[in-house]
Enquirer: 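Sending over a structure as structure tokens; questions will come in a sec.
Heads up: numbering here begins at 1 and tracks the sequence. Below, each value reflects all heavy atoms present in this structure, side chains not excepted, and no hydrogens, waters or symmetry copies.
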Amino acid sequence: MFRRAARLLVPLVMIMTAAVAGTVATAGTAHADGCYTWTRTLSQGASGADVTQLQIRLSGYPGYGAVLAVDGSFGPATAAALKRFQSAYGLAADGVAGPATYSKLYALQDDDCTPVHFSYSELNDCNSTWAGGAVSAATAKANALRTMWKLEAMRHALGDRPITVTSGFRSHACNDAVGGAGGSRHLYGDAADLGAGPHSLCTLAKQARYHGFRGILGPGYPGHNDHTHVDHRSSQFWSAPSCGI
């Protein structure tokens, strides 16, 4: 009787083991994402396209007054930005991108790689092609994506309350139509005008200093009393005198 029970028990254990293994395998593959899926752990010293993808999503976590390079090389600045991101979302801040970090990133992005709270259409109400600006359509769209990830970080830092984008990419024609400056960063796709809402314009201008924006113009700067402008120009220029900036 004991031998018979043992014989019956062995296949049962095998079935249960297979079921558990299947669950584990499913759990592992379930993290695959419609936009981009990381396949290895990343830490300092790593390089490649997967590091570039990580840096794009960490663009909003460079620290006060800094800008994170999106160069595919995982150095100290990327590690520091990753630690800030991890801390912001209650993860272990070890500066290593692994399953927990990727799981959070997957939850934050839509299938077109935009962050869940912003969209390409929101950053471009000028045309559907991203053409006609100061750079190629592909570059303008890529610049807008980085801007959106910076805004996502800023949104989270401000309590996950909405941030309203009133203007993003502009072609030369669209820029001329609204009286934009000849060299406006909107022509490059890396600028966004933010309107007041849950946050005052000054709150937006002050917070933007922590999220990788080289250009910040707000209340008190000519023509910016009704919005806060952020961009990714070549050198830092912040001016919002009414906000103490």
Enquirer: Answer yes or no: is there a donor N or O on one side and an acceptor on the other, between the side chain of Gln55 and the main chain of Gly72, under 3.5 Å?
Expert: yes
Enquirer: Is there a side-chain contact between Thr164 and Leu194 in this structure, where contact means two heavy atoms from C-beta onward sitting under 4.5 Å apart?
Expert: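 No, too far: nothing below the 4.5 Å cut-off.
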Enquirer: Are Val96 and Trp38 in one and the same hydrophobic cluster, where Ile, Leu, Val, Met, Phe, Trp and Tyr link if side-chain heavy atoms are under 4.5 Å apart?
Expert: no
Enquirer: Considering non-hydrogen atoms only, spot the tightest contact between Gln86 and Thr101 and give its length.
Expert: NE2-OG1, 3.0 Å
Enquirer: Is any side-chain N of the basic residue among Asp94 and Lys83 closer than 4.0 Å to the acidic one's carboxylate O?
Expert: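 No salt bridge links Asp94 with Lys83.
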Enquirer: Which heavy-atom pair separates Arg57 from Leu105 by the least distance, and what is that distance?
Expert: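 Looking at all heavy atoms of both residues, the shortest contact is CB-CD2, 3.9 Å.
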Enquirer: Could you check if a side-chain atom of Thr228 sits within less than 4.5 angstrom of a side-chain atom of Gln207, using non-hydrogen atoms only?
Expert: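 Side-chain contact under 4.5 Å: no.
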Enquirer: In Å and rounded to the nearest 0.5 Å, what is the CG to OH distance from Asp33 to Tyr106?
Expert: 6.0 Å
Enquirer: Do you know the tightest heavy-atom contact between Val116 and Gln109?
Expert: CG1-N, 3.8 Å
Enquirer: Sub-3.5 Å donor-acceptor pair from the side chain of Ser59 to the main-chain atoms of Ile56, do we have one?
Expert: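 Judged by distance alone, yes, a pair lies under 3.5 Å.
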Enquirer: When the ring centroid of His229 is compared with that of His186, is the distance short of 6.0 Å?
Expert: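 His229 vs His186: aromatic centres under 6.0 Å.
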Enquirer: Decide yes or no for Tyr120 and Phe169: does some side-chain heavy atom of the first lie under 4.5 Å from some side-chain heavy atom of the second?
Expert: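 Contact flag for Tyr120/Phe169 side chains = no.
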Enquirer: Any non-hydrogen side-chain atom of His172 less than 4.5 Å from a side-chain atom of Leu187?
Expert: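 SC-SC contact between His172 and Leu187 confirmed.
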Enquirer: Given the rule that I, L, V, M, F, W and Y join up when any side-chain heavy atoms are under 4.5 Å apart, are Trp149 and Phe213 in one cluster?
Expert: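 They do share one cluster, since a chain of ILVMFWY contacts under 4.5 Å joins Trp149 to Phe213.
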Enquirer: Working to the nearest 0.5 angstrom, can you tell me the gap between Lys150 NZ and Leu145 CG?
Expert: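 Between atom NZ of Lys150 and atom CG of Leu145 there are 11.0 Å.
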Enquirer: Which pair of heavy atoms, one from Ala192 and one from Leu123, lies closest together, and at what distance?
Expert: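 So the two residues come closest at CB-CD1, 4.2 Å.
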Enquirer: For the residue pair Arg170 and Val178, establish whether any side-chain heavy-atom pair is separated by less than 4.5 Å.
Expert: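 Counting from C-beta outward, Arg170 and Val178 do come under 4.5 Å.
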Enquirer: With a 4.5 Å cut-off on side-chain heavy atoms, are Arg214 and Phe237 touching?
Expert: no
Enquirer: Under 6.0 Å between ring centres, would you say that holds for Trp130 and Tyr188?
Expert: no
Enquirer: Among Asn143, Thr147, Val67, which residue satisfies the side-chain contact (heavy atoms from CB on, under 4.5 Å) criterion with His232?
Expert: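 Testing each of Asn143, Thr147, Val67 against His232, the sole residue satisfying side-chain contact (heavy atoms from CB on, under 4.5 Å) is Val67.
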Enquirer: Check the pair Arg40, Asp50 against salt bridge (charged side-chain N to carboxylate O under 4.0 Å, His left out), reporting the backbone distance first and the verdict last.
Expert: CA-CA 9 Å; Arg40 61 171 178 156; Asp50 49 0; 2.6 Å; yes
Enquirer: Would you check if Leu201 and Cys243 make a side-chain contact, meaning some heavy-atom pair closer than 4.5 Å?
Expert: no
Enquirer: Which atom pair, heavy atoms only, marks the closest approach of Phe74 to Ser43?
Expert: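 Phe74 and Ser43 have their closest heavy atoms at CG-O, 3.3 Å.
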Enquirer: Testing the basics here: between Asn127 and Ser171, what is the closest heavy-atom pair and its distance to 0.1 Å?
Expert: ND2-CB, 4.0 Å
Enquirer: Please tell me whether Ile245 and Leu151 are part of a single hydrophobic cluster in this structure, the criterion being side-chain heavy atoms less than 4.5 Å apart.
Expert: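 Yes; tracing contacts between hydrophobic side chains, which count when under 4.5 Å, links both residues.
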Enquirer: Does any non-hydrogen side-chain atom of Thr203 lie less than 4.5 Å from one of Leu158?
Expert: yes
Enquirer: Would you say the side-chain atoms of Ser103 pair up with the backbone N or O of Pro99, donor to acceptor, closer than 3.5 Å?
Expert: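 No, the answer is negative, given that no donor and acceptor are paired below the 3.5 Å cut-off.
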Enquirer: Say whether Asp71 and Ser73, considering side chains only, have a donor N or O and an acceptor N or O under 3.5 Å apart.
Expert: no
Enquirer: Anything under 30° is parallel, anything over 60° is perpendicular, the rest tilted; go ahead and classify Phe85 against Tyr89.
Expert: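 Tilted.
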